[in-house]
Amino acid sequence: MAITLTGPDAVPSPPLSARLTPPQVWGIVLLTPYLLVFLAFVLYPVCYGLWLARQPASYVALYNDPIFARAAVNTLIFLVIGINIKMLIALFLSGFFAQQRPWIRWLSVIFILPWAVPSIPTILSVRFMLNPEWGMVNQLIFKFTGDDGPNWLNDPTVALAMAIGVHIWKSLPFWTLILLTGRLAISHDLYEASDVDGANWWQKFRFITWPSMQTLYITCTLLSMIWTLGDFNSVYLLTGGGPADLTHVLSTLGIRYLRLDQLSLAMASIVCAMPFVLPLVYFMMKRLSR
């Protein structure tokens with residue numbers, strides 16, 4: 001049985017600095033700035049936001065605001081339609097860009113530009129193009145048909161559809177590149193063997209490509225949903241939540257309350273998005289830990 005000395009004969013334990021090896025000390029030194037940045041710019045803002053949204057009256061006022069219900073529905077539509085269409089297109093475009101042809105490389109450079117260029121100039125340029133009076137889209141419609149084009153951003157359904165389209169266009173290159181790396185990791189011997197067996201392109205995709213990329217595809221979809229919940233650029237820069245605040249999503253609804261100097265409602269609307277985020281984070285981390 002171990003005996004612990006507590007009297008004058010007890011041997012003091014060495015200090016922590018003496019028990020650590022030099023690589024461990026340098027590891028702690030180099031990790032400290034990142035830890036401080038995390039505490040200052042991640043943990044503290046999150047805790048402060050939760051503290052601001054602690055009052056039950058804020059959630060009662062949020063529930064009674066009809067714009068909140070519309071924003072929640074718009075968020076679901078944005079996630080279900082936008083992400084599924086985006087990931088399906090990215091899956092098939094990854095097969096297109098996997099071709100070994102010289103002109104594919106030049107086309108891929110052009111394709112990646114919408115994602116590489118910052119959101120403000122790209123999305124605002126789309127907004128100018130959709131202007132009903134002097135936008136390029138309606139100018140072309142009038143030139144070829146002689147009719148005035150529609151007011152793209154004045155109808156809530158059309159405006160939300162345009163925002164979803166801008167989101168797909170802006171983030172599609174990134175997910176295409178991620179899925180392209182998954183395709184390139186598949187052994188070519190499998191495709192050569194399928195050619196010998198006389199398999200067509202659909203059979204190759206069904207029995208070789210999809211089983212090899214299924215885990216990557218699902219993981220990218222979950223991660224895209226998490227990022228999209230916090231993405232306010234596609235809606236805020238294109239429609240500003242209009243017309244009549246009918247195209248807001250939960251991320252832009254918080255900005256609206258901030259502009260109205262309603263900080264507690266802004267934080268409450270963000271907290272209400274957590275039931276969407278936390279299950280996605282759980283499932284994604286569960287898949288990554290396998």
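Because the structure is a prediction, the values reported are computed rather than measured.
- Other residues, nucleotides and ligands place no more than 12 heavy atoms under 6.0 Å from the CD1 atom of I120.
- Tracing side-chain contacts under 4.5 Å through hydrophobic residues (I, L, V, M, F, W, Y), one reaches I85 starting from L177; they form part of the same cluster.
- Note that OH of Y217 and OG of S212 are 15.5 Å apart. Values are rounded to the nearest 0.5 Å.
- Residue D197 qualifies as enclosed at atom CG: its count of foreign heavy atoms under 6.0 Å is above 12.
- Note that the CD1 atom of I77 and the CD1 atom of I164 stand 7.0 Å from one another [nearest 0.5 Å].
- Taking CE of M87 as the reference point, atom CD1 of I218 lies at 10.5 Å (rounded to 0.5 Å).
- Counting all heavy atoms, side chain and backbone alike, K86 lies closest to S224 at NZ-OG, 2.6 Å.
- Here the side chain of D231 pairs no donor or acceptor atom with the backbone of W227 at under 3.5 angstrom.
- The two atoms that bring A266 and S269 nearest to each other are O-OG, 2.7 Å, heavy atoms only.
- Counting heavy-atom neighbours within 6.0 Å of E133 CD, excluding the residue itself, gives a total of 12 or less.
- Side-chain atoms of M136 and L130, non-hydrogen and from C-beta on, never get closer than 4.5 Å to each other.
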* To do: Could you please spell out the steps behind the side-chain contact (heavy atoms from CB on, under 4.5 Å) verdict for V249 and Y236?
  => CA-CA 9 Å; V249 292; Y236 193 76; over 6 Å; no

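- Rounding to the nearest 0.5 Å places CG of L140 at 8.5 Å from CE of M129.
- Using a 4.5 Å cut-off on side-chain heavy atoms (C-beta onward), M267 and S58 make no contact.
- Of the possible donor and acceptor atoms, one in the side chain of Q203 sits under 3.5 Å from a partner among the backbone N and O of N200.
- Between D195 and K204, at least one side-chain nitrogen of the basic residue sits less than 4.0 Å from a carboxylate oxygen of the acidic one, meeting the salt-bridge criterion.
- Listed here is the closest heavy atom pair of P156 and T247: O-CG2, 3.6 Å.
- Of all the heavy atoms in D245 and H248, the pair that sits closest is OD1-NE2, 3.2 Å.
- Panel note: side chain R183, backbone A98; no donor-acceptor pair is recorded below 3.5 Å.
- Side chains of T209 and Y191: a donor-acceptor N/O pair is present below 3.5 angstrom, by distance only.
- Not one N or O on the side chain of R259 forms a donor-acceptor pair closer than 3.5 Å with the backbone of G254.
- Counting only residues at least two apart or in different chains, ring-ring contact (aromatic ring centres under 6.0 Å, His included) contacts with residues 56-95 comprise F78-H167, F92-F205.
- Linking ILVMFWY side-chain heavy atoms closer than 4.5 Å, directly or via other members, places L62 and L258 in two distinct hydrophobic clusters.
- When the shell of 6.0 Å around CH2 of W106 is examined, it contains 12 or fewer heavy atoms from other residues, nucleotides or ligands.
- Within the 4.5 Å cutoff, the side chain of T122 has heavy atoms near those of the W169 side chain.
- For W115 and W175, the ring centers are positioned 6.0 Å apart or more.
- Side-chain heavy atoms closer than 4.5 Å link hydrophobic residues (I, L, V, M, F, W, Y) into clusters, and following such links, even through other members, never connects V137 to F142.
- Put simply, L246 and I255 are part of two different groups of oily side chains (I, L, V, M, F, W, Y) that touch within less than 4.5 Å, one to the next.
- Between the side chains of S94 and T176, no donor N or O sits under 3.5 Å from an acceptor N or O.
- M162 and I81 fall into different hydrophobic clusters, where Ile, Leu, Val, Met, Phe, Trp and Tyr side chains are chained together by heavy-atom contacts under 4.5 Å.
- Within the 4.5 Å cutoff, no side-chain heavy atoms of Y44 are placed close to those of F38.
- The minimum heavy-atom distance between T221 and I83, with the atom names listed, is CG2-CG2, 4.0 Å.
- Nearest heavy-atom pair across S264 and L52 is CB-O, 4.0 Å.
- Checking Y257 against D65 by side-chain atom types alone, a donor-acceptor pair falls below 3.5 Å.
- Defined by atom type and a distance below 3.5 Å, a donor-acceptor pair is missing between the side-chain atoms of K170 and S234.
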* Can you check side-chain contact (heavy atoms from CB on, under 4.5 Å) on F174 and I178, steps first, answer last? -> CA-CA 6 Å; F174 174 79; I178 297 298; 4.1 Å; yes

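- Residue L179 forms a side-chain contact (heavy atoms from CB on, under 4.5 Å) with just one option from L216, L184, L93, and that option is L216.
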* Please lay out, stage by stage, how M225 and T228 fare under the test side-chain contact (heavy atoms from CB on, under 4.5 Å). => CA-CA 5 Å; M225 294 179 72; T228 304; 5.7 Å; no

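- In this structure, CG in L237 is found 10.5 Å from OG in S125, a value given to the nearest 0.5 Å.
- Every residue meeting the side chain to side chain contact (heavy atoms under 4.5 Å, CB included) condition with L229, not counting sequence neighbours, appears here in chain and number order: T75, L79, F276, V277, L280.
- By the 6.0 Å and 45° rule, R206 does not stack over the aromatic ring of W210.
- Here the options are L35, L30, V29, L36, the test is side-chain contact (heavy atoms from CB on, under 4.5 Å), and the partner is T32; only L36 passes.
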* To do: Check step by step if side-chain contact (heavy atoms from CB on, under 4.5 Å) holds for L153 and V158.
  => CA-CA 7 Å; L153 303 180; V158 177; over 6 Å; no

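- The CD atom of Q99 lies 10.0 Å from the CG atom of L107; values are rounded to the nearest 0.5 Å.
- A donor-acceptor contact under 3.5 angstrom links the side chains of N138 and W152, judged on distance only.
- Judged purely by atom type and a 3.5 angstrom limit, R54 uses its side chain to pair as donor or acceptor with the backbone of W51.
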